Amino acid sequence: MTDFVVRPAVEGEQRALFEVLGRSLHAPPVDDERWEKRSAGWPADRKVGAFADKQPIGVASSVGTAMTVPGGKVVPAAAVDGVGVRADHTRRGVLTAMMREQLGDLQARGEVLAALHASETTIYGRFGYGIGTRSQDVSVSPRRARFRDSAPAGGQVRLISSSEAIELLPELYRRIGLRRPGMIERPQRWWSSQTHRMKDLVVAVHTGPDGDDGFVAYQPQDRVMKPPEMRIALAVHNLHGANTAAVAGLWRFLLKIDLVGEVRAFGRPLDEPLAPMLVDTRAWRVTDVSDELWVRLVDVPAALAARSYRDGDPVVIEVRDPFLPANSGCYRIGPDGAGRTDELPQLRLDVDVLAMLYLGEWQATTLAAAGRIEALQADAPERADELLRTPTRPWCGTGF
Ligand SMILES: CC(C)(COP(=O)(O)OP(=O)(O)OC[C@H]1O[C@@H](n2cnc3c(N)ncnc32)[C@H](O)[C@@H]1OP(=O)(O)O)[C@@H](O)C(=O)NCCC(=O)NCCS
């Protein structure tokens with residue numbers, strides 16, 4: 001049933017599309033005050049709209065950014081930062097049509113990857129997105145968390161005001177750099193969309209031997225200030241450091257703040273080396289592990305050519321991409337790089353599974369065991385593991 005049209009949004013339609021998105025996510029209606037705060041981060045540019053009887057019924061938004069891939073290259077990428085369909089128009093193919101339009105637009109812009117945070121894991125696989133990174137939520141007990149003598153000491157930490165944070169953090173984030181595969185540049189538009197949140201957050205900056213090199217943004221939660229129980233929890237939403245010493249320094253700071261009974265940190269890298277720094281490793285409790293970033297290889301040849309590979313025997317992979325068929329075909333990957341080939345395939349997989357392997361989050365052997373990869377040569381999954389292995393776990397660390 002095609003009783004709707006899908007097209008790029010034009011100037012003047014952005015507030016109505018923001019309303020559609022908000023309603024689809026069960027947010028309160030958009031009054032003038034809320035729109036005032038959000039409009040700078042929500043321009044008409046890069047919005048795909050769906051319209052029925054000239055009324056907006058769906059939106060898919062993206063922001064242009066760049067992402068680090070294994071080996072350190074940074075490639076043009078799209079952060080898909082808002083997708084919703086009005087509840088009375090779902091399951092009629094509106095999202096499918098918007099995804100087609102959006103991916104065509106990203107291809108035309110020369111963006112190699114697209115990424116999003118998914119509300120549900122069942123939505124985006126059909127459009128070629130796979131779980132590119134995972135992250136963990138942790139709960140840390142300051143009372144139990146004593147650092148070992150061998151743990152990095154860290155530097156100085158200072159608290160800054162929200163107006164200083166708005167000024168300082170974009171440059172500091174740039175200086176910290178995209179250290180892990182999956183990290184993205186934060187465009188000014190991203191920072192604009194965060195300004196209204198800053199006033200609810202406490203921000204601290206870490207200074208190392210070369211100057212400011214890390215920051216943390218957190219929010220006090222569950223405040224109980226009635227004797228004899230005086231305690232509070234801290235919810236950490238953003239913690240970035242240029243190196244392990246800066247990350248450790250920020251954690252040391254959080255864990256020695258008075259009256260804090262628990263530090264809850266969300267979306268941390270799976271290989272954050274904090275637990276082994278502690279005398280009592282159980283002070284660091286993992287409360288959840290979940291998918292963090294869903295990644296789509298928009299341009300498979302360019303994406304495969306951009307990342308690096310370890311030493312090992314080359315593998316030929318047949319990629320199936322029904323949604324963007326130009327990507328389908330056989331690719332040879334080896335220590336010298338990757339490109340199309342006429343050789344016979346040794347592994348066969350869908351493009352969403354390639355996205356799971358691409359940043360180094362999953363192993364080919366695991367996905368073959370799960371039935372997601374067809375091994376046409378018995379040792380090919382192991383060889384692919386060897387080539388695709390990355391020294392650090394991929395992680396994005398940016399919500400959008
Ligand atoms: C998720 C959402 C955008 C889907 O839009 P939609 O227009 O209903 O999607 P489509 O009709 O194009 O669905 C395409 C396919 O995906 C499936 N699908 C869509 N949403 C799904 C969901 N939430 N769970 C499982 N399957 C889903 C459909 O059943 C359909 O399958 P089919 O091709 O086998 O028939 C819409 O339901 C929505 O706005 N949800 C609330 C907000 C939200 O979660 N947004 C996503 C934020 S990341």
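The first residue in the sequence is number 1, and the count goes up from there. Order of listing sets the numbers, starting from 1, for every ligand and every atom in it. If you're wondering where the values come from, they're calculated on a predicted model, not measured in any experiment.
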Q: May I ask you to check whether His89 has an N/O atom sitting below 3.5 Å from an N/O atom of ligand 1?
A: no
Q) N/O to N/O below 3.5 Å, does that happen between Thr96 and ligand 1? A) yes
Q: Look at the rings of Trp395 and His240 and say which category their plane angle falls in: under 30° parallel, 30 to 60° tilted, over 60° perpendicular.
A: tilted
Q. When only distance counts, is Val83 in polar contact with ligand 1, meaning an N/O pair under 3.5 Å?
A. yes
Q: Please check atom 34 (O) of ligand 1 for a protein heavy-atom neighbour under 4.0 Å.
A: yes
Q) Tell me, do Val69 and Pro181 make a side-chain contact under 4.5 Å, heavy atoms counted? A) no
Q) Are any of the N or O atoms of Ser119 closer than 3.5 Å to those of ligand 1? A) yes
Q) Can a protein heavy atom be found under 4.0 Å away from atom 40 (N) of ligand 1? A) no
Q) Any side-chain heavy atom of Val216 within less than 4.5 Å of one from Leu254? A) yes
Q. Side chains of Arg46 and Gln102: donor-acceptor distance under 3.5 Å anywhere?
A. no
Q: Determine, considering heavy atoms only, which of Arg92, Arg91, Glu120 sits nearest to atom 28 (C) of ligand 1.
A: Arg91
Q) For atom 10 (P) of ligand 1, which of Gly58, Gly93, Gly82 has the closest heavy atom? A) Gly93
Q) According to a 4.5 Å side-chain heavy-atom criterion applied to Ile, Leu, Val, Met, Phe, Trp and Tyr, with indirect links allowed, do Val286 and Leu234 form part of one hydrophobic cluster? A) yes
(Q) Does any N or O of ligand 1 fall below 3.5 Å from an N or O anywhere on Val85, backbone included? (A) yes
Q: Give the minimum heavy-atom separation between Ser61 and Asp81, together with the two atoms involved.
A: OG-OD1, 2.6 Å
**Q.** Sub-4.0 Å heavy-atom approach of Arg86 to ligand 1
**A.** no
